[in-house]
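The next block holds one structure in the form of structure tokens; read it before the comments.
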Amino acid sequence: MAAKLFGIMMINVQSIELSIVNLRTLRQVERVRSDVSLGEDIYDQHTIDYYSVEQAAQALSGFVQIMNDYGVKDYHLWGSWSLSSANNADYIQDQLLVRTGLKIDWLSSSQETYLRSVAVAVHFPRFKQMITKPTYLLGINAGSVGISHYDQSNFVFSRSLRLGPVRIAEVLEDLQSSVPNYVEVLDDYISSQIVDFGRFLPGRRDQPSNVVMLGVAPFATLFRQQQSKAGVEELSKADFQALYEDVLNASDQYLMDKYEVDEEDVRLIVPELLLINELLQLTNAEKIWLGNVTVLDGLIIQEAIKLGYKKYNFNNQIVTAAKNIADRYNVEPKHRDLVTKFSLHLFDQLKPLHHLGKRERLLLQVAAIVHDVGSYIDPYQHYLHSDYILQATELMGLTDTEKRMVALISRYHSAQTPSKDIRHLGHLQVEQRLLVSKLSAILRIADALDDGRKQKIDKISVSIRNPRVIITCFAHDDLFLENWVFAQKAEFFKEVFGLTPVIKLRGGMLNELL
């Protein structure tokens, strides 16, 4: 396979980056950073600075010229979740499109957490060995923290928190001049934001953990200074505590002189240090590493996988995160697993009808896992509760549009259908509406096959015989209830695919239905 150079650009709150990379080898041939701050007051004013748009446009135009010099024809521009949450993000997106011809695709917070995990898994040498023990990835950027947890060589948990050093510094800027014990109040504020977050972390928190910190730009300078002083690659809890005590009440000049902190970053040191200290206590950190990968590195790997240059598969993290959500809302695991099994089997056997790919299969798998979360609130019309719960929940690794589609697929797995509830699909593109309908139709059939929640059917086989889709069920009990529900839910499948699904029983008490 011939080498392919690809350009990936990323707009963050404080900078814009470009990477030109050989997707076959993941070798970067050029990496450029422009310190353009679009989000100078984004967390305080909730808007992107219009005066920085021209600077951003000039930087992006310069990046395009660099890519032209390398002969790069394919490139993509991404924008951080923090910027996308600004009130005027759509206007800025359009202005940059007009000025540069580049359209920003916004990342979700769950995507950023996922992409950092992907980058660490590929590029961090000790990662595979480290995660045999409790290990946390702390991705700290300007306005949020993404936490991913690994243990016993497996991904366990992921969650984001809207709390980052720039957000803290901007929101609480007036504290420094208005209260005498600024650091103490700031620490209390950070602690109050983290305490509830900690309740969602998994077990074994009493055991010491490894922590890999990512994206901590101002703190990275201090870390490396302390690292050099200690003569080790990682910092121990004691090393960090010594650094913490030396820096916490230090003057700006002291930080600039001793730790070589840039003047514009000084105001972020205390908020960031307090935040990191709280997170290290929360995770019971024993050893701390500083990772040098970013969301941009994860985007590179994602593009290489998408175009077939790399065969990495990190879908297990997305699936595990979905199962964590299902567990949080006490979804019955046997029904969940069987419906997921049937959904994926139906998807695989019905490819001649739906013409969908691997990503769509993953969305169906996630929807099958979480479709019953609404029962936690009320079994009556639980599908409606599932919809709004999932819209308000992080689904790791999915875009905001994909998350919305999973919520809608879950909404339509039961009584309602997209055809009769079109107002909820109006914001989606035609292709996306059709995808929701196809995956909903498949999930409805799979759910009907275990409507009694008794797992009567052990396995199914599927054959397409126009004008029918015959689903042979190998069962150990009668299917009177399942057959009745199936007949109702099959109508929507017929509407979407133009074929009538029917049940054919093997090994049970019900005669064949043809």
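Given the structure is predicted, the values throughout are model-derived calculations rather than measurements.
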Is any side-chain heavy atom of Phe240 closer than 4.5 Å to a side-chain heavy atom of Leu273? yes
Indicate yes or no: at least one non-hydrogen side-chain atom of Met213 is less than 4.5 angstrom from one of Leu279. no
Could you tell me whether a side-chain N or O of Ser110 sits under 3.5 Å from a main-chain N or O of Leu395, the two making a donor and an acceptor? yes
With a 4.5 Å limit on heavy-atom distance, are the side chains of Ile20 and Met67 in contact? yes
If the condition is ring-ring contact (aromatic ring centres under 6.0 Å, His included), which residues does His345 pass it with, not counting sequence neighbours? none
Criterion salt bridge (Lys or Arg N to Asp or Glu O under 4.0 Å) on Arg159 and Glu394, from CA distance to verdict: CA-CA 7 Å; Arg159 194 171 175 86; Glu394 286 187 17; over 6 Å; no
What are the two closest non-hydrogen atoms of Gln391 and Asp387, and how far apart are they? NE2-OD1, 2.8 Å
Heavy-atom neighbours of Gln28 CD exceed 12 at 6.0 Å: yes
Those residues at least two apart in sequence (or on a different chain) that pass ring-ring contact (aromatic ring centres under 6.0 Å, His included) with His76 are Trp78
Examine the side chains of Ser148 and Ser117 and answer whether a donor and an acceptor come within less than 3.5 Å of each other. yes
Should Leu102 and Phe63 count as side-chain neighbours, where that means a heavy-atom distance under 4.5 Å? no
Regarding Arg116 and Glu112, does a basic nitrogen lie under 4.0 Å from an acidic carboxylate oxygen? yes
Side chain of Ser82, backbone of Val13: donor and acceptor closer than 3.5 Å? no
Heavy-atom side-chain contact between Tyr254 and Asp246 under 4.5 Å: yes
Checking Thr113 against Ser160: is there a side-chain donor and acceptor pair closer than 3.5 Å? yes
Compute whether any side-chain donor of one residue and acceptor of the other, for Ser236 and Asp239, lie under 3.5 angstrom apart. yes
Sub-4.5 Å side-chain heavy-atom contact between His354 and Phe347: yes
dist Leu439:CG -> Arg361:CZ (nearest 0.5 Å) comes out at 11.5 Å
Mind checking whether Phe314 and Tyr114 have parallel, tilted or perpendicular rings, split at 30° and 60°? perpendicular
Main-chain N/O of Lys287 paired to Glu234 side chain as donor or acceptor, under 3.5 Å: no
Does Asn12 reach the main-chain N or O of Gln14 with its side chain, forming a donor-acceptor pair under 3.5 Å? no
Heavy-atom count around Asn68 CG within 6.0 Å, excluding the residue itself: above 12? yes
Point-to-point distance, once rounded to the nearest 0.5 Å, from CG of Asn324 to OH of Tyr329: 12.5 Å
Can you name the residues that form a side-chain hydrogen bond (donor to acceptor under 3.5 Å, both in side chains) with Tyr150, not counting sequence neighbours? Gln317
Answer yes or no: does atom CZ of Arg328 have more than 12 heavy-atom neighbours from other residues, nucleotides or ligands under 6.0 Å? yes
Whether Glu360 side chain and Gly357 backbone form a donor-acceptor pair below 3.5 Å: yes
Step through the shown structure and confirm whether more than 12 heavy atoms of other residues, nucleotides or ligands are within 6.0 Å of OH on Tyr376. no
Could you tell me whether the side chain of Leu83 reaches within less than 4.5 Å of the side chain of Ile92, counting heavy atoms only? no
Would the number of heavy atoms belonging to other residues, nucleotides or ligands and lying under 6.0 Å from NZ of Lys310 be above 12? yes
Would a 4.5 Å heavy-atom cut-off, applied to side chains only, mark Leu443 and Leu364 as touching? yes
Just verifying a value: how many Å separate Asp49 CG and Leu38 CG, rounded to the nearest 0.5 Å? 7.5 Å
Check the pair Asp337, Thr340 against side-chain hydrogen bond (donor to acceptor under 3.5 Å, both in side chains), reporting the backbone distance first and the verdict last. CA-CA 5 Å; Asp337 293 345; Thr340 302; 5.3 Å; no
